[in-house]
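Numbering starts at 1 and runs along the sequence shown.
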Amino acid sequence: MRFGTLFASLVSLPFLYTAAAPTASETIGGLGLGTIINLLGIGIVQDINVIITLDSLVTNQVQVNFDAKNPLPFELTIDRVVSSAGLNGTVFATFDHTFSIPFIVAPSGTANSGTFSNVTLTQGIDASLAIVPVGVLDLMKTDVFVRAATIKGKLGFPLQIDGLKQSSVPTTYNLDLS
């Protein structure tokens, strides 16, 4: 059986039982969708881009955008992401962002989130600069509020995918000193 077919079957199974009604967190056989995705080793985030500004030196906040990938044969629309990221078990950044214009990830495709602000550096700017040369971040806990099987970002089945984890996500850091 092809991996994509198996994954699509696992993800679509909750629709049979919930009639597409959103719940606090979707489960299959007692396992949350985030746990299943983690067990299958499917990374949703392809790469992260962190923008450090002059204000970051004072506010301990940066701007971020990321590329999300969709391994499924149907469109996904991402409405909100809550995430903590870091390195070697230490959280360096957190955010809770609701997209004013949700972003659409085509079937078997990738899409960029667009740049957003208010990503807090929990260890402060000094400690956070020390991890820049490593070039990767671990997503320690990420909750994604998504609509599956949308049509150009409209309609779809709402899903809350809790507890996604992903190691060694390629990360670039850019200084914006303007």
Worksheet item: Heavy atoms, side chains only, cut-off 4.5 Å: are Ser168 and Asp138 in contact?
Response: yes

Discussion item. Contact between Val136 and Leu87 at the side-chain level, heavy atoms closer than 4.5 Å - yes or no?
Written reply: yes

Discussion item. Hydrophobic clustering (ILVMFWY, side-chain heavy atoms < 4.5 Å, transitive) - are Leu159 and Leu155 grouped together?
Written reply: no

Worksheet item: Are Val169 and Ile161 linked, directly or through other ILVMFWY residues, by side chains that come within less than 4.5 angstrom of each other?
Response: yes

Atom pairs and distances, side-chain donor-acceptor, residues 94-101, under 3.5 Å, sequence neighbours left out:
unit_1: Asp96; atom_1: OD1; unit_2: Arg80; atom_2: NE; d: 2.9
unit_1: Asp96; atom_1: OD1; unit_2: Arg80; atom_2: NH2; d: 3.3
unit_1: Asp96; atom_1: OD2; unit_2: Arg80; atom_2: NH2; d: 2.7

Worksheet item: Could you state the interatomic distance from CG (Asn70) to OG (Ser108), rounded to the nearest 0.5 Å?
Response: 6.5 Å

Discussion item. With a 4.5 Å cut-off on side-chain heavy atoms, are Thr120 and Val62 touching?
Written reply: no

Fill in: Any side-chain heavy-atom pair of Val146 and Asp79 under 4.5 Å
no

Item to complete: Taking all non-hydrogen atoms of both residues into account, name the closest pair between Ala93 and Thr122 and its distance.
Response: N-OG1, 4.0 Å

Worksheet entry | Value rounded to 0.5 Å, distance of CG in Leu164 from NZ in Lys141 | 9.0 Å

Practice prompt. Using a 4.5 Å cut-off on heavy atoms from C-beta on, say whether the side chain of Gln63 contacts that of Ser56.
Written response: no

Discussion item. Testing the basics here: between Thr77 and Gly153, what is the closest heavy-atom pair and its distance to 0.1 Å?
Written reply: OG1-CA, 3.3 Å

Worksheet item: Just how far is it from atom CG of Leu121 to atom CZ of Phe92, taken to the nearest 0.5 Å?
Response: 10.0 Å

Worksheet item: Without hydrogens or angle criteria, can the side chains of Thr53 and Asp55 be said to hold a donor-acceptor pair below 3.5 Å?
Response: no

Discussion item. Starting from Phe116, can I reach Phe103 by hopping between I/L/V/M/F/W/Y residues whose side chains sit under 4.5 Å apart?
Written reply: yes

Discussion item. With side chain to side chain donor-acceptor pair (under 3.5 Å) as the criterion, how do Asn49 and Thr172 come out once you've worked through the C-alpha distance, each side chain's angles and the decisive distance to 0.1 Å?
Written reply: CA-CA 5 Å; Asn49 183 32; Thr172 58; 2.9 Å; yes

Discussion item. Hydrophobic clusters here meaning ILVMFWY residues chained together by side-chain heavy-atom distances under 4.5 Å, can you tell me if Val119 and Val50 are in one?
Written reply: yes

Worksheet item: When rounded to the nearest 0.5 angstrom, what distance separates CD1 in Ile125 from CD in Gln61?
Response: 11.0 Å

Worksheet item: Hey, what do you get for NZ (Lys69) to CD1 (Ile44), rounding to the nearest 0.5 Å?
Response: 8.5 Å

Worksheet item: Which heavy-atom pair separates Leu177 from Leu54 by the least distance, and what is that distance?
Response: O-CD1, 3.6 Å

Response to the item:
Heavy atoms of Gln166 and Val45 approach each other most closely as NE2-O, 2.6 Å

Item to complete: For residues Asn65 and Ile51, determine if any side-chain heavy atom of one lies less than 4.5 Å from a side-chain heavy atom of the other.
Response: yes

Worksheet item: Shortest non-hydrogen contact from Pro158 to Arg147?
Response: CA-CG, 4.0 Å

Side chains of residues 31-43: which donor-acceptor pairs under 3.5 Å do they make with residues two or more places apart or in other chains?
unit_1: Asn38; atom_1: OD1; unit_2: Lys165; atom_2: N; d: 2.9
unit_1: Asn38; atom_1: ND2; unit_2: Gly34; atom_2: O; d: 3.1
unit_1: Asn38; atom_1: ND2; unit_2: Gly163; atom_2: O; d: 2.8

Item to complete: Could you state whether Ile48 and Tyr173 fall into the same hydrophobic cluster, counting links through intermediate Ile, Leu, Val, Met, Phe, Trp or Tyr residues with side-chain heavy atoms under 4.5 angstrom apart?
Response: yes

Worksheet item: Between Gln123 and Thr90, does a side chain to side chain contact (heavy atoms under 4.5 Å, CB included) hold up when you go through it step by step?
Response: CA-CA 9 Å; Gln123 304 295 318; Thr90 301; 3.8 Å; yes

Discussion item. Is it the case that atom CG in Leu175 sees more than 12 heavy atoms from other parts of the structure closer than 6.0 Å?
Written reply: yes

Worksheet item: Rounded to the nearest 0.5 Å, how far does OG1 of Thr171 lie from CG of Leu137?
Response: 3.5 Å

Item to complete: Check the side chains of Thr150 and Glu75 for a donor-acceptor pair under 3.5 angstrom, ignoring hydrogens and angles.
Response: yes

Fill in: Closest non-hydrogen atom pair between Ile78 and Ala68, with its separation
CD1-CB, 4.1 Å

Worksheet item: Tell me, do Ile52 and Leu129 make a side-chain contact under 4.5 Å, heavy atoms counted?
Response: yes

